[in-house]
Amino acid sequence: MTTAERIKIIEASCKQVGRGVFFSTLIIVASFLPVFMLQGQEGKLFGPLAWTKTFILAIDAILAVTLAPVLISFFLKGKLSSDDRNPLNRFLERVYRPILNWCTTWRKTTIGINIIALLISIPLLLSLGSEFMPPLDEGTILFMPVTLPDVSNSEAKQLLQVQDRIIKSVPEVKNVLGKAGRANTATDNSPISMVETIILLKPTSEWRKGIKKEDIINELNSKLQIPGVVNGWTQPIINRINMLSTGIRTDVGLKVYGQNLDTIYALSNQMKQALQGVNGVKDLYVDPITGGKYLDIQVNKDAIGRYGLSVDDVNEVVESALGGMNITPTIEGRRRFSVNLRLAQDYRSNLDEIKRTLVQTMNYGPIPLSSVADIKISDGPAMIQSENALLRGTVLFNVRDRDLGSTVKEAQGRLNTMVKSLPKGYFIEWSGQYENLIRAERTLKLILPIVLVIIFGCLYFAFHSIREAFFSLISIPFALIGGAYMVYFFGVHLSVAVAVGFIALFGIAVETGIVMVIYLNDAMQQLVALKGNSKETITREDLRTYVMNGAVKRLRPKLMTVCVALFGLVPVLWATGTGSDVMLPIVLPMIGGVLTSSTHILLVTPLIFLMVKEYELRKHGKLEVLDVKE
């Protein structure tokens with residue numbers, strides 16, 4: 001074989017698959033469009049994945065039609081062996097041909113099996129739970145109990161020490177660090193009644209046999225049942241993300257908006273009572289609104305009139321004694337500080353001492369503050385929370401031992417009657433992880449139909465035929481079969497991660513279908529070139545033989561397309577460590593979908609192609625042969 005002849009064969013082969021490879025790459029890029037549209041933390045998590053794969057595939061599409069043919073011309077030299085000389089190829093054909101022959105013989109049975117498998121996968125998907133993101137095991141636990149708003153500093157300190165000792169008694173706990181109240185920063189508004197305890201766990205190899213992280217949390221929760229304290233369990237990173245993105249420190253929060261704090265608090269407690277007993281609802285409590293203690297000093301105007309005092313005279317004493325008054329600045333080097341003077345802590349924290357605080361008069365000398373003011377401890381809001389210029393209360397709870405979506409739906413069902421009878425000007429809003437779930441679902445439902453249209457358009461430009469484009473697109477629902485089965489049997493809930501896995505699966509499934517359709521059309525071109533394009537010269541057996549050859553003789557490149565995806569994904573099934581619990585929901589639909597879609601493409605696509613060609617020959621008297629080489 002001369003160099004010119006070899007180059008000509010390489011050029012013809014590259015033209016045959018070039019268009020299909022190029023548009024396959026474009027389809028995979030287009031299938032990731034929904035990932036680009038994700039917002040919030042899901043967009044930040046999966047955005048880099050989509051951008052990385054897009055840039056790689058964009059370069060791959062260009063190199064596939066430019067550099068690859070050049071490299072083939074350089075390295076594909078010498079004596080070349082046919083596919084029949086390859087023992088692996090002979091073995092695959094020996095297995096594949098009788099199976100495909102059975103499928104083309106028992107046509108209704110083959111199609112029926114595929115349709116039944118597809119129909120079974122639909123209820124499997126519908127029975128799956130839903131969550132925003134698969135929980136990432138951070139390796140640590142964040143214990144966030146809430147106690148009464150009027151707890152004193154000494155009581156909070158004692159409570160913190162007792163809790164830390166109990167937590168440290170569990171064998172799997174390595175270190176415990178607790179904090180009550182706000183940190184030394186202006187961005188932390190935590191009251192003294194909120195405790196945050198970070199629990200570091202020992203390596204799993206040192207845990208008791210058969211125990212899991214959920215078991216440790218349940219054991220700690222049972223040991224930490226202290227009157228007046230509501231326990232909350234989460235993880236440090238996800239807790240900060242939730243608080244920054246939604247303002248809710250638990251998985252789910254029910255925000256109650258209105259005009260009056262007392263009414264909001266009463267409604268919140270009614271909703272809490274309604275939610276008790278819902279399966280999956282844990283750590284249920286109402287964010288305290290009332291219960292704060294205030295020192296209430298009301299000036300008695302009749303009394304100050306008798307002593308010749310004004311309201312400002314009394315307020316000035318209260319300010320200087322309790323709040324403190326700046327009396328002078330002090331300069332230390334380049335720094336300037338204000339000197340503040342007030343009564344000592346022992347006097348300011350004692351109601352009787354405050355009542356005996358002296359007020360100087362013009363004619364009667366010093367008199368106690370209680371003689372010109374009514375001094376008492378009053379109840380009030382511990383913290384006033386507002387959002388969108390409306391007062392807000394919150395019912396908070398975590399979700400464990402159940403999926404997020406069905407738990408919130410059951411909770412909504414219990415509250416439907418109550419919500420309809422809320423006073424005028426009051427309404428509720430679901431927040432937390434559920435808010436993120438709804439946003440992601442809305443984005444995916446909006447974008448996915450557009451993506452399917454784009455994929456169909458790419459297929460049409462690849463084949464210049466609506467029928468052939470449909471053949472390749474129909475592999476997508478059959479790819480869902482394996483994905484649904486894998487997700488169901490591994491017990492994974494539907495989430496954004498699972499959706500990303502299915503999105504990646506769309507492109508892989510269509511890519512394999514394009515390769516099959518290209519070789520089937522190439523077989524039809526060979527048949528027409530040999531026997532002409534007429535029903536008088538082409539028999540049904542001829543069609544069957546050439547469709548079989550088109551499917552069987554190019555088996556290796558089709559299996560390579562599938563195996564490349566599988567070999568890169570299967571190791572994730574055995575991955576362990578931080579992050580593996582997020583990767584597993586992504587790869588499960590891809591692995592199952594690649595297996596079922598490739599089975600469909602290898603067995604059902606040639607069958608449907610054969611049936612269509614038989615219909616064309618019977619109705620039109622000739623075959624519609626597509627030229628996909630250019």
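Throughout, numbering of the chain's residues begins at 1 and tracks the sequence.
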Side-chain heavy-atom pair [X], [Y] within 4.5 angstrom cut-off:
X	Y	result
L520	L610	no
L128	V487	yes
V419	Q412	no
K212	W207	no
E131	R402	no
Y546	K531	no
T596	H600	no
L448	I503	yes

Ignoring hydrogens, what is the shortest heavy-atom contact between [X] and [Y]? Give both atom names and the distance.
X	Y	answer
Y96	P606	OH-CG, 4.2 Å
T443	M37	CG2-O, 3.5 Å
I7	S73	CD1-CB, 3.6 Å
T54	F36	OG1-CZ, 3.2 Å
V35	V500	CG2-CG2, 4.3 Å
F502	L480	CD2-CD2, 3.4 Å

Would one find more than 12 heavy atoms of other residues, nucleotides or ligands at under 6.0 Å from atom [atom1] of [X]?
X	atom1	value
L49	CG	yes
F456	CZ	yes
M548	CE	yes
R540	CZ	no

Check: [X]/[Y] side-chain N/O donor and acceptor closer than 3.5 Å:
X	Y	result
T105	R544	yes
Q235	N239	no
D542	T539	yes

(message) If you apply the rule side-chain contact (heavy atoms from CB on, under 4.5 Å), what do you find for Y488 with L125, and how did you get there?
(response) CA-CA 7 Å; Y488 178 81; L125 281 176; over 6 Å; no
(request) For D403, check side chain to side chain contact (heavy atoms under 4.5 Å, CB included) against everything at least two apart and list the hits. (result) S130, S406, H493
(request) Just jot down the side chain to side chain contact (heavy atoms under 4.5 Å, CB included) partners of I116, sequence neighbours excluded, or say none. (result) I120
(request) Identify which one of V399, I238, N398 satisfies the side-chain contact (heavy atoms from CB on, under 4.5 Å) criterion when paired with Q433. (result) I238
(message) With side-chain contact (heavy atoms from CB on, under 4.5 Å) as the test, pick out the partner of I248 among D251, T250, V252.
(response) T250
(message) For K213, give me all partners under salt bridge (Lys or Arg N to Asp or Glu O under 4.0 Å), at least two apart in sequence or on another chain.
(response) D137
(message) Show every salt bridge (charged side-chain N to carboxylate O under 4.0 Å, His left out) that has at least one partner inside residues 95-110, sequence neighbours left out.
(response) R107-E614
Any chance you could measure [X], atom [atom1], to [Y], atom [atom2], to the nearest 0.5 Å?
X	Y	atom1	atom2	result
I454	L459	CD1	CG	12.0 Å
T104	N101	OG1	CG	4.5 Å
I211	T204	CD1	OG1	12.0 Å
I608	C103	CD1	SG	11.0 Å
L38	L444	CG	CG	5.5 Å
L119	L124	CG	CG	11.5 Å

(message) According to ring-ring contact (aromatic ring centres under 6.0 Å, His included), who are the partners of F55, at least two apart in sequence or on a separate chain?
(response) W51
(request) Report the residues that fulfil ring-ring contact (aromatic ring centres under 6.0 Å, His included) with F489, sequence neighbours left out, ordered by chain and then residue number. (result) none
(request) Please confirm whether the backbone N or O of F132 pairs with a side-chain atom of Y434, one donor and one acceptor, at under 3.5 Å? (result) no
(message) Donor-acceptor check, side chain of S495 to backbone of M133, threshold 3.5 angstrom: yes or no?
(response) no
(request) Inspect the contact between K613 and E616 and indicate whether a charged nitrogen and a carboxylate oxygen are less than 4.0 angstrom apart. (result) yes
